[in-house]
Amino acid sequence: MSKVTTIPFGPQHAAFLEPLNVKLTLEEEKVVGAVLNQGYNHRGMEYALSLDYKKSQYLAERVCGICSFHHSSAYCQGLETIYGIEVPERARLIRTIMMECQRLTSHLLALGHIAEAVGYENLFMQCFREREHVMTLVNRISGNRVHYSMNVVGGVKRDLSEEGTKDVLVTMRDLRPKLEELQRVFARDSTLSKRTRGVGKLPKQAAMEWGNVGPVSRASGIPQDTRLDGFAAYSMVQFAPVVREEGDCYARMMVRMDECLQAVDIIEQCLPLLQDGPVAVQVKGHPKGEAFSRVEAPRGELLYYIRAKGTLGLDRIKLRTPALMNVASLLVMLPGCQLADVPTITVSVDPCICCTDR
Amino acid sequence: MSEAIVPEFDREAYRGVRDRTREMIDRGARMIAIVTRENDDGTMEMIYVFDREQKIVDFRFQILPEWEIDSVADIFRGALTLEREAVDLFGLKIKGVSPGIFLEDGKSPVAPLRRKRTTAPGGDADE
């Protein structure tokens, strides 16, 4: 009988961008048990966000640096529901374009991270090279690379100029063939295939039981996508959720890759729909009431619950981030795998600890 | 604080949390979140939030903080993370659910999202 060993994986680990600890139980090189230990980055964001609803439209962006615009969109949507206001169409389209730009930067980061985890440094660099085109694009539009600070309750505070619209169009046109080339590499490369196919399987039933969302659930055959709700301007564009059945690291990787091209499609559909008009409506008074608001962040469904009491402070704000649900399902994916596959499996979930811990 | 401030309707809902969760799951709903909030009188409101056919639906009830709630993690496994978070941040008692997902026993503030809270070493005194 082989000896059972317990080893800590993280919180500081070369494969992790943020602190997460997985206590692994091993028989030789095989993982037979895993325990998650979270909370290294807990900042009490729900408490901080409840202090001043005006400042929180900026603070919400600071919950996460990868899906910052999705956080502020969910927050603003929630307050807009409480105020009972209709956001102008142009603002909804701009939000959709920026959300899809952020999906591109997030997915390309995740794909690069997977490539790095399997030891494919060159592909990691190629992903980041293409990502940089989108990062500089959002910088030209918003003045910021990470926290766009474009959302306000009632719309957006920065319009997309005619020049900016052309800039987005040209960048997407140039990006598409590069993404298609990356897609070919991710789909066909034998090294990637050997390291990801059949590895870290999450069966459909388990994904449903664990409440997985986003690319993790879609890679396990669940066609769940919050964008189908039609928030922002998603009701004005045509798209279908990218779904795969395998449920392994390869499927999660390919769902993200295909969603990069889908993001380009959605942005290209939005641009001709932009008509002249206001980009925000004014709101008056302190909010009072309750709302649920959700958006499809790059990692999946992001839910905000806001309860306002007619004062500057909010009675309660609750964030249910996608990574919180997805990281927990590592407990299904890790047992049975080889120790060498742990970084790939963990990274394939795209574990955002800023979001998970808040 | 008196137990009389929690109406009978909420008491029944509190006792029936497992049945209501199972009913939701059986109808094809997916649990999204468990929201905990504190009322001005010190009672807690629990909101179980689900997605059913792309619509958000919920059921909710009031409890006293010292009451022990039934866990629904064996009905919906993803609920365990949500329940552990409620235990950590509000100091709730949920059957079979241990704290410590985010906070560390003896070092972190105790129930930091409660309004009238006590603090442990390292916690900031508030109110």
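Every chain is numbered from 1, with letters handed out A, B, ... down the list of sequences. Quantities reported herein were computed from a predicted structural model and do not represent experimental measurements.
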Under 4.5 Å from a heavy atom of chain A, the part of [X] involved:
X       : answer
B:Arg37 : both
B:Leu82 : side chain
B:Leu89 : side chain
B:Glu53 : neither
B:Asp58 : side chain
B:Ile47 : side chain

Select, from B:Thr36, B:Leu80, B:Asp88, B:Ile25, the one with the greatest count of heavy-atom pairs under 4.5 Å involving chain A.
B:Thr36
Determine whether the side chains of [X] and [Y] contain a donor N or O and an acceptor N or O closer than 3.5 Å.
X        : Y        : answer
A:Tyr234 : A:Glu100 : yes
A:Ser348 : A:Arg252 : yes
B:Arg84  : A:Gln38  : no

Among A:Thr321, A:Thr356, A:Asn212, find the residue that satisfies the side-chain hydrogen bond (donor to acceptor under 3.5 Å, both in side chains) test when tested with A:Asn326.
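Option passing the side-chain hydrogen bond (donor to acceptor under 3.5 Å, both in side chains) with A:Asn326: A:Asn212.
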Are [X] and [Y] close enough that some pair of their side-chain heavy atoms sits under 4.5 Å apart?
X        : Y        : value
A:Thr81  : A:Phe292 : no
A:Leu319 : A:Tyr75  : no
A:Glu80  : A:Val153 : yes

Less than 4.0 Å between a side-chain N and a carboxylate O, is that true for A:Glu245 and A:Lys204?
no
Return the option, out of [options], with the maximum number of heavy-atom pairs under 4.5 Å with chain B.
options                      : answer
A:Arg358, A:Glu46, A:Met208  : A:Arg358
A:Asp315, A:Asn41, A:Asn37   : A:Asp315
A:Ala206, A:Ser329, A:Gly39  : A:Gly39
A:Arg294, A:Lys318, A:Met325 : A:Arg294

What part of [X] gets closer than 4.5 Å to chain B, counting heavy atoms only: side chain, backbone, both or neither?
X        : answer
A:Asp225 : backbone
A:Leu303 : side chain
A:Val213 : side chain

